[in-house]
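Written out below as structure tokens is the structure these notes cover.
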Amino acid sequence: QVQLVESGGGVVQAGGSLRLSCAASGRTDNKYFMAWFRQAPRKEREFVAYISWSSTNTLYTDSVKGRFAISRDNAKSTMYLQMNGLQPEDTALYYCAAGPIGAMGSTYYHYWGQGTEVTVFS
């Protein structure tokens with residue numbers, strides 16, 4: 001079992017930045033891929049980015065490319081999402097997830113956090 005806890009959400013003006021963190025505990029030696037998803041009000045949960053155990057493989061959804069950066073520190077069992085140039089359409093509940101493969105589909109991830117809220121106002 002892996003437990004995931006997100007933090008770092010908040011309210012920010014358009015153009016601002018936030019850094020989300022996802023702290024993992026439990027069986028963190030499984031070398032899982034980790035990912036960020038988000039769900040805006042009245043919308044489906046959508047993929048944001050994933051990163052492999054070694055950090056050599058990353059993938060971003062098109063709408064965040066060039067603005068968001070995913071990273072991880074395995075020694076700290078923590079994953080990050082640096083979000084720059086935030087826009088109102090980035091407003092959502094952001095979830096971290098862990099699973100054995102990297103994929104854009106949420107069903108490939110076995111473990112989920114409870115989410116951290118990001119609100120961007122114009």
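Just so it is clear, the values below take in all heavy atoms, side chains as well, and ignore hydrogens, waters and symmetry mates. Here, residue 1 is the first one in the sequence, and each next residue gets the next number.
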How far does [atom1] of [X] sit from [atom2] of [Y], to the nearest 0.5 angstrom?
X      : Y     : atom1 : atom2 : value
Asn74  : Ser55 : CG    : OG    : 6.0 Å
Ser106 : Arg45 : OG    : CZ    : 6.5 Å
Leu4   : Ser77 : CG    : OG    : 10.5 Å
Met104 : Thr61 : CE    : OG1   : 4.5 Å
Arg67  : Asn84 : CZ    : CG    : 9.0 Å
Ser122 : Glu89 : OG    : CD    : 9.5 Å

At their closest point, which heavy atom of Ala97 faces which heavy atom of Tyr109, and how far apart are they?
->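 Taking every non-hydrogen atom into account, CB-CB, 3.7 Å.
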Over all heavy atoms of both residues, which pair between Pro100 and Phe33 is shortest? Give the atoms and the distance, please.
-> O-CD1, 3.7 Å
Is there a path of hydrophobic side-chain contacts, each under 4.5 Å between heavy atoms, that joins [X] and [Y]?
X      : Y      : value
Val120 : Met83  : yes
Trp36  : Tyr111 : yes
Val12  : Phe68  : yes
Met34  : Val2   : yes
Tyr50  : Trp112 : yes

Given side chains that start at C-beta, do those of [X] and [Y] come closer than 4.5 Å, heavy atoms only?
X      : Y      : answer
Leu18  : Leu86  : yes
Tyr60  : Ile70  : yes
Gln82  : Ser17  : yes
Leu20  : Val118 : yes
Phe121 : Pro88  : no

Answer yes or no on whether Arg19 is positioned over the face of Tyr80, meaning its NZ or CZ is under 6.0 Å from the six-membered ring centre and within 45° of the axis.
->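 Positive - Arg19 is close enough to the ring of Tyr80 and near enough to its axis.
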Ring-face cation contact, Tyr95 with Arg38, 6.0 Å cut, 45° max = no
Flag if over 12 foreign heavy atoms under 6.0 Å of CD, Gln114 |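 Check fails, neighbour count at 12 or below.
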Under a 3.5 Å distance rule, please check whether [X] uses its side chain to pair with a backbone N or O of [Y] as donor and acceptor.
X      : Y     : value
Arg72  : Ser52 : yes
Thr116 : Gly9  : yes
Glu6   : Cys96 : yes
Gln87  : Gly85 : yes

Going by the angle between their ring planes, with limits at 30° and 60°, are Phe37 and Phe47 parallel, tilted or perpendicular?
-> perpendicular
Distance-only side-chain donor-acceptor flag, Thr78 / Asp73, under 3.5 Å =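 Absent: no donor and acceptor within the cut-off.
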